[in-house]
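What follows is a set of notes on a single structure, which appears directly below.
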Amino acid sequence: MFGFEISYSTAWRARWKALELIRGSHAESFTELPAYLYNLKCVNQGTRTAIRTHSIGRFAECFVALGVSIQTFLENLWPVLIIDAAHLKGAYSGTMFLEVAMDGNNNIVPVVFGVGRSETANKWTWFLNMLKGCIGEPRGLVFMSDRAASINAAISAIFPDAHHALCCRHLVMNVRSRDPRIKVYKTAYWKACKAYTTRVFNRMMNILRVGISEESINAMSRFARRLPIVGLIEYFREFQQEWYFIRRRKAGELNHPLTEWAQLKIQKRIGKSAMWTVRGIGYGRWEVHGMDRGAEVDMSIRSCSCLKWQVSGLPCGHAIAVAKKMGEKDCFHLITVPYFMSELYKATYHGVGSQDRDLSNNGRMVMDDDFFPNNWKKKCDDGVFPNDWKNGVWISSQRWEELWCVSSN
């Protein structure tokens with residue numbers, strides 16, 4: 001454009017320098033991390049953070065759990081955690097660890113996140129151990145993930161009583177990569193995934209066996225994974241703060257006892273069951289026949305032989321047909337769990353995450369010596385740190401306690 005010709009490598013270095021001027025140095029960001037996490041605790045009550053380092057002070061991994069996220073998960077959400085990891089794309093290689101939950105309106109709610117070298121059993125074990133210190137072991141806790149063996153090993157070690165389920169989306173992607181004919185049997189596959197009874201599940205699986213031979217969290221932000229580590233964590237804090245603000249305002253507009261998603265789900269089932277046949281059996285029991293083989297409903301204990309009512313907490317089409325037969329105007333009172341109620345949805349986003357204070361004036365470093373970046377650095381212009389990871393020795397238990405950045409609140 002300006003009559004100058006430069007090599008590709010020169011243009012790349014210029015671009016890298018420009019991005020560094022805008023976003024800050026990746027190496028310097030690691031030195032700011034302890035102070036940033038300390039200040040994050042100070043202005044967000046109940047927040048827990050942790051940093052683990054190499055023996056010479058080199059960064060290993062970090063963990064961040066905002067107080068408002070932990071409180072929301074323990075008080076207002078299903079005890080279900082969806083866990084996954086995403087590769088960082090900045091000057092330093094590494095992995096972003098993420099755990100989210102789902103609210104009563106079927107939305108993702110971030111719970112905890114962190115950064116480590118790679119997705120190994122050792123890293124996941126440390127990360128889940130930090131999580132356990134925040135949430136304990138809630139009754140009925142369920143983890144959902146892909147088929148990574150490292151995640152399975154870590155869950156078995158730290159949460160042996162929790163149930164570990166596989167993500168249906170990840171599973172179908174794995175099958176599709178081996179046999180594209182899964183597309184033809186997509187309906188049967190998803191019916192098997194959503195089956196509430198073994199009869200339906202086995203019927204769909206038989207179709208799949210005859211017919212064939214045999215990621216949402218990561219997409220939250222591709223751009224953020226290129227940022228320096230402090231900018232990366234700050235992005236997720238701001239991202240979560242914005243989500244809470246938008247959903248808190250949306251929840252304030254609800255005039256119905258249920259969330260919008262629950263309302264739509266029930267309305268769909270009302271329309272589907274409008275022409276179903278209902279016959280009384282006695283003592284609160286009813287027989288319902290519709291498009292399927294039919295089911296038996298017991299209104300006195302709020303159960304149905306299709307199991308959908310008991311498992312999901314939302315009334316199934318059979319229960320709705322019975323309620324209409326009994327002359328009830330709506331079916332919203334048939335919900336058996338509180339997670340779909342608008343009041344609990346409002347409480348989910350009641351908390352507010354505060355902005356971090358200025359690092360330069362109020363920061364406190366948790367280490368006396370220099371805090372080096374990790375040694376898993378990608379090819380870059382300003383040199384490469386020595387690869388001494390395998391020869392290192394982990395810090396002592398006393399030093400471990402000194403590196404903890406856990407709020408006393």
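All values derive from a computational prediction rather than experimental measurement.
With sequence neighbours left out, Gln267 forms a side chain to side chain donor-acceptor pair (under 3.5 Å) with no residue at all. Here Glu137 pairs with Lys132 under the side chain to side chain donor-acceptor pair (under 3.5 Å) rule; sequence neighbours left out. By the side chain to side chain contact (heavy atoms under 4.5 Å, CB included) test, Thr348 is found to be paired with Thr72, Asn76, Leu77, Asp103, residues two or more places apart in sequence or in another chain being considered. Take Lys194 and apply the side chain to side chain donor-acceptor pair (under 3.5 Å) test, not counting sequence neighbours, and it matches no residue. The salt bridge (charged side-chain N to carboxylate O under 4.0 Å, His left out) search around Glu296 returns Arg285, not counting sequence neighbours. Applying the side chain to side chain contact (heavy atoms under 4.5 Å, CB included) criterion to Thr198, with sequence neighbours excluded, gives Asn202. For Lys325, there are no salt bridge (charged side-chain N to carboxylate O under 4.0 Å, His left out) partners two or more places apart in sequence or in a different chain. Shown here are the side chain to side chain donor-acceptor pair (under 3.5 Å) partners of Arg269, two or more places apart in sequence or in another chain: there are none. Under the rule for a salt bridge (charged side-chain N to carboxylate O under 4.0 Å, His left out), the partners of Glu260 that lie at least two apart in sequence or sit in another chain are Lys250. Every residue two or more places apart in sequence or in another chain that forms a side chain to side chain contact (heavy atoms under 4.5 Å, CB included) with Met102 is listed here: Ile82, Asn106, Ile108.
Between the side chain of Trp126 and the backbone N or O of Phe63 there is no donor-acceptor pair closer than 3.5 Å. Using a distance-only test at 3.5 Å, with no hydrogens or angles considered, no donor-acceptor pair links the side chain of Glu99 to the main chain of Val112. Although no hydrogens or angles enter the test, the distance criterion places a donor-acceptor pair under 3.5 Å between the side chain of Arg48 and the main chain of Gly133. Side-chain N or O atoms of Asp146 include one that pairs as donor or acceptor with a backbone N or O of Ala148 at under 3.5 Å. The backbone N or O of Tyr349 sits less than 3.5 Å from a side-chain atom of Arg248, completing a donor-acceptor pair. In this structure, the side chain of Thr197 does not engage the main chain of Cys306 through any donor-acceptor pair within 3.5 Å. Asn129 places no side-chain N or O within donor-acceptor distance of the main-chain N or O of Thr125, the cut-off being under 3.5 Å.
Note that CZ of Arg237 is 7.0 Å distant from CG of Asn44, once rounded to the nearest 0.5 Å. To the nearest 0.5 Å, the span separating CZ on Phe143 from CG on Leu81 amounts to 5.5 Å. Note that CZ of Arg199 is 9.0 Å distant from CE of Met204, once rounded to the nearest 0.5 Å. To the nearest 0.5 Å, atom SG of residue Cys168 and atom CE of residue Met144 are 6.5 Å apart. One finds the CZ atom of Arg52 at 12.5 Å from the CZ atom of Phe127 (value rounded to the nearest 0.5 Å). The line from CG of Leu314 to CZ of Phe332 is 11.0 Å long, rounded to the nearest 0.5 Å.
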> Run the side-chain contact (heavy atoms from CB on, under 4.5 Å) check on Ile320 and Ile270 step by step: do they pass?
Replying inline: CA-CA 6 Å; Ile320 290 175; Ile270 289 175; 3.6 Å; yes

Donor-acceptor contacts under 3.5 Å from residues 154-167 side chains, at least two apart:
from   : atom 1 : to     : atom 2 : distance (Å)
Ser156 : OG     : Asn152 : O      : 2.9
His164 : ND1    : Asn152 : OD1    : 3.2
His164 : NE2    : Ser145 : OG     : 2.7

Side-chain donor/acceptor pairs under 3.5 Å, residues 339-346, sequence neighbours excluded:
from   : atom 1 : to     : atom 2 : distance (Å)
Ser342 : OG     : His256 : O      : 2.8
Ser342 : OG     : Pro257 : O      : 3.3

